[in-house]
Each structure stands twice: as C-alpha cells, then as structure tokens.
Amino acid sequence: MQAAMEEAIAAKIRDEVPIGAIIIDKDGEIIAKAGNRTRELKDPSAHAEILAIRKACDIARTQRIPDYTLYVTLEPCTMCAAAISFARIERVVIGASDPKGGGVLHGAKFYEQPTCHHKPRISHGLMEDACGRILKDFFKEKR
C-alpha cells in the first residue's frame, strides 16, 4: 500500500485527486502503478485503477490478469469495480473506504450484484488513516 500511496502523492502534486493504485503479480512484484490522471488526460475514466489495469494487461499481453492483486488507496467506484471484475483480478486491497462514491463496500456494491461475472477477494482498511488523510487534506486545500 505504501507504493500506492506514493502514486497518490504524485497525483496530488499534479493537482489530481490523490488516489494511487498498484498491481502485483503472484510473486509479489509490482508490475503496474498509477495515480489519477483525469484532469491531465481530460479523460473521466483515467482513474488510478483503470490506468494500472491497462498497464498490467499490456505487460501481461492479455485482457485478464487472474493471478494479480490490486492495491488502491481509496475504495473503487463502480466503474473501476467493473473493470476489476472484467480483468478477473484475484484480490483487491483497499486503503480508505468511500461511503459517498465507492462501489464495492458502499453504493452499488458491484460485486454483490447478480450480473457481476467475477468477484475478487476484498480486504480493506490497510493504511486507512493515511489513505483517507491525503484526500481530506487535498479537498480542504481546494475549499
């Protein structure tokens, strides 16, 4: 999660919402990392999770990465939850929860829907305070 936090910090420096994600393989090696780039790329889908999944799939040369784990500093939104499912990622480790915009533990609870094709194992609360604090500080500075 520390590596995902580094991506969140880099996103904050770029004036992006500070969310970071990394994907590790079954040996624990980081194969992809990303932070939000929605403003920079002028792309509402350029969330950290989506960008990391794209990189990991490109490196693996496949559309599905079932033996991989995604670490993300904030609970994925429904869009990202769907992408995680379609990529068949085995496990997702979440830092801070997102009662307002989350789609995994809150909101749509995507993986609990009967239309969901793949449900990854979910862990949450890893480095929760630090992951939540960077977001709170970012939005406090914006107001």
Please evaluate residues Leu74 and Ile94 with respect to the criterion side chain to side chain contact (heavy atoms under 4.5 Å, CB included), reporting the C-alpha separation (whole Å), side-chain torsions for both, the decisive distance (0.1 Å), and the verdict. CA-CA 6 Å; Leu74 184 68; Ile94 299 167; over 6 Å; no
Salt bridge (Lys or Arg N to Asp or Glu O under 4.0 Å) against Glu40, all qualifying residues, sequence neighbours excluded: Arg14, Arg37
Sorted by chain and residue number, the salt bridge (Lys or Arg N to Asp or Glu O under 4.0 Å) partners of Lys142 (sequence neighbours excluded) come out as Asp15
[X] vs [Y] side-chain heavy atoms within contact, under 4.5 Å:
X	Y	answer
Ile65	Ile23	yes
His47	Cys77	yes
Phe86	Ile53	no
Asp25	Asp67	no
Thr38	Glu16	yes

Rounded to the nearest 0.5 Å, how far does [atom2] of [Y] lie from [atom1] of [X]?
X	Y	atom1	atom2	result
Glu7	Leu51	CD	CG	10.0 Å
Ser85	Phe110	OG	CZ	5.0 Å
Glu90	Ile84	CD	CD1	13.5 Å
Asp98	Leu105	CG	CG	9.5 Å
Arg54	Glu49	CZ	CD	11.5 Å
Asn36	Thr73	CG	OG1	8.0 Å

Applying side chain to side chain contact (heavy atoms under 4.5 Å, CB included), run through Cys57 and Arg64 and close with a yes or a no. CA-CA 7 Å; Cys57 287; Arg64 295 186 176 149; over 6 Å; no
Identify which one of Val92, Val104, Ile19 satisfies the side chain to side chain contact (heavy atoms under 4.5 Å, CB included) criterion when paired with Glu75. Val104
Among Arg91, Lys26, Arg121, find the one that has a side chain to side chain contact (heavy atoms under 4.5 Å, CB included) with Thr69. Arg91
Exercise: identify the closest heavy-atom pair between [X] and [Y]:
X	Y	result
Gly132	Ala96	N-CB, 3.7 Å
Arg39	Phe138	NH1-CZ, 4.1 Å
Ala34	Ala52	CB-N, 3.7 Å
Lys109	Gln113	O-NE2, 3.4 Å
Cys131	Leu126	SG-O, 4.1 Å

Mark yes when over 12 heavy atoms from residues, nucleotides or ligands other than Lys12 sit less than 6.0 Å from its NZ; otherwise mark no. yes
Tell me if the NE2 atom of His106 is crowded by more than 12 foreign heavy atoms within 6.0 Å. yes
Group every Ile, Leu, Val, Met, Phe, Trp and Tyr by side-chain heavy-atom contacts under 4.5 Å, then state whether [X] and [Y] land in the same group.
X	Y	value
Ile13	Ile22	yes
Ile30	Ile9	yes
Ile50	Ile122	no

For side chain to side chain contact (heavy atoms under 4.5 Å, CB included), just list the numbers for Met5 and Ile134, CA-CA rounded to whole Å, side-chain angles, deciding distance to a tenth of an Å, and then say yes or no. CA-CA 9 Å; Met5 274 296 295; Ile134 190 172; 4.3 Å; yes
Looking only at side chains, do Asp43 and Ser45 share a donor and an acceptor under 3.5 Å apart? yes
Run Tyr68 and Ile24 through side chain to side chain contact (heavy atoms under 4.5 Å, CB included) and show every step you take. CA-CA 6 Å; Tyr68 294 69; Ile24 63 169; over 6 Å; no
